[in-house]
Amino acid sequence: MAANTSIPHQTPDSSRNALVDLAIVIASFMVVGVGAWSAHLSAAGTLAVIGAFAAASWRLSVRGSSWRTIGVRRPDSWPKTVGWAVVLYGATALLVVGVVTPLSNALHWPAMDLSRFSALRGNALALAGWLVVAWTTAAFGEELLFRGFLTTQLLTLLGTGWAAIGAAVVIQSALFAIGHAYLGARGVVTAGCVGLVYGTAYVCNRRNLTPLILAHGLTDSLSLVAIYLGASRLGGG
């Protein structure tokens, strides 16, 4: 990957603006998510992403910016982009197998809680619906929100040094992990690892979101197909 050349410039005003934007978007995610969960809506996570995405779009508009400025653009080479997506998928898979699974087993964590997907097993119509969600609010929405908007605002707030870049990647991955708490401890750690890999790729590849969207969609699609085929334990209640 090419070294990042487009980290936003930090000024006192831009730092204050970034802090405000971060607070608004994170609060939107939490308020919508908790509200939907309290109302016992099964799509609480999806609604939280939609709410935060709407808030982020508003804040970008207020700043005279757009999603294109944070990485939504046509790739220079589709074959190279697809190749990087496969590499990212492989990297996260190796991290899960080599780190998350041994750690989870050593700490005796239960299997990932996939109970919310119980209606998916053997149900082709449900699979089609979840695949739509996987490629829209999950792959597209979450990458724009966490890797794109949050990472960009964190870089504006923290600065352009390597320590600041590392902190931004870690913070967005932690927020991404917390957003997957419904999956249980294994799911949280897995999401955190995905956030670290994708966040690193984002800042090291000129903040290009397309490979991340493809890798995210591929990961979720294969996971959903595995549940549909009965190859994954559902766990949970």
Side-chain angles (χ1 to χ4, degrees), residues 1 29 33 44-46 48-49 81-118 120-121 127 130-131 133-148 150-151 165-205 208-237:
M1 287 187 178
F29 183 89
T46 298
V49 171
T81 297
V82 172
W84 274 117
V86 173
V87 169
L88 289 171
Y89 172 80
T92 54
L94 288 174
L95 195 57
V96 169
V97 172
V99 177
V100 177
T101 298
L103 175 65
S104 301
N105 292 339
L107 296 176
H108 305 291
W109 287 341
M112 195 179 296
D113 184 0
L114 301 175
S115 56
R116 68 178 300 195
F117 303 103
S118 58
L120 175 57
R121 181 162 290 177
L127 174 61
W130 275 111
L131 285 173
V133 173
W135 282 98
T136 53
T137 57
F140 188 78
E142 290 180 2
E143 290 311 312
L144 265 64
L145 184 62
F146 287 93
R147 253 61 70 187
L150 293 184
T151 303
I165 294 172
V169 170
V170 169
I171 292 170
Q172 65 80 28
S173 68
L175 293 171
F176 185 65
I178 293 171
H180 290 76
Y182 65 91
L183 294 173
R186 286 183 188 245
V188 168
V189 175
T190 298
C193 289
V194 170
L196 287 174
V197 173
Y198 286 13
T200 301
Y202 177 68
V203 298
C204 290
N205 195 28
N208 189 347
L209 286 168
T210 305
L212 310 181
I213 294 170
L214 294 178
H216 194 148
L218 175 63
T219 299
D220 286 0
S221 295
L222 292 178
S223 298
L224 290 169
V225 170
I227 296 173
Y228 169 76
L229 295 174
S232 294
R233 294 172 53 192
L234 293 177

(request) Report the distance from atom CD of Glu142 to atom CG of Leu212, rounding to the nearest 0.5 Å. (result) 12.5 Å
(message) A side-chain contact here means heavy atoms from C-beta on lying under 4.5 Å apart; do Asn105 and Arg186 qualify?
(response) yes
(request) Over all heavy atoms of both residues, which pair between Ala215 and Ala85 is shortest? Give the atoms and the distance, please. (result) CB-O, 3.5 Å
(message) Quick one, Leu175 and Phe29 - any side-chain contact, counting heavy atoms below 4.5 Å?
(response) no
(message) Ignoring hydrogens, what is the shortest heavy-atom contact between Leu127 and Val225? Give both atom names and the distance.
(response) CD1-N, 4.2 Å
(request) Mind checking the CG-CZ spacing from Leu196 to Phe176? Nearest 0.5 Å is all I need. (result) 10.5 Å
(message) Nearest 0.5 angstrom please: Thr151 OG1 to Phe146 CZ, how far?
(response) 10.0 Å
(message) For a 4.5 angstrom cut-off between non-hydrogen side-chain atoms, does Trp109 reach Val189?
(response) yes
(message) So which atom in Thr137 and which in Val49 form the shortest heavy-atom distance, rounded to 0.1 Å?
(response) O-CG1, 3.4 Å
(request) Measure across Val96 and Pro102 and return the closest heavy-atom pair with its distance rounded to 0.1 Å. (result) O-CD, 4.2 Å
(request) Give, for atom OH of Tyr198 and atom CD of Gln172, the distance between the pair rounded to the nearest 0.5 Å. (result) 11.5 Å
(message) Within the structure provided, determine whether Ile227 and Leu114 are in side-chain contact (heavy-atom separation under 4.5 Å).
(response) yes
(message) Counting C-beta onward and ignoring hydrogens, is there a side-chain heavy-atom pair between Leu144 and Ile213 closer than 4.5 Å?
(response) yes
(message) If I take atom OG1 from residue Thr101 and atom CG from residue Leu95, how far apart are they, to the nearest 0.5 angstrom?
(response) 10.0 Å
(message) Using every non-hydrogen atom in the two residues, find where Ser173 and Gly192 come nearest and quote the distance to one decimal.
(response) CB-O, 3.7 Å
(request) Ignoring hydrogens and angles, tell me if any N or O in the side chain of Arg116 forms a donor-acceptor pair with the backbone of Leu183 under 3.5 Å. (result) no
(request) Please name the pair of heavy atoms, one in Ala191 and one in Ala177, separated by the smallest distance, quoted to 0.1 Å. (result) CB-CA, 3.9 Å
(message) Just verifying a value: how many Å separate Trp135 CH2 and Leu218 CG, rounded to the nearest 0.5 Å?
(response) 6.5 Å
(request) Run the numbers on Thr200 and Arg147 for side chain to side chain contact (heavy atoms under 4.5 Å, CB included), then give the verdict. (result) CA-CA 9 Å; Thr200 301; Arg147 253 61 70 187; over 6 Å; no
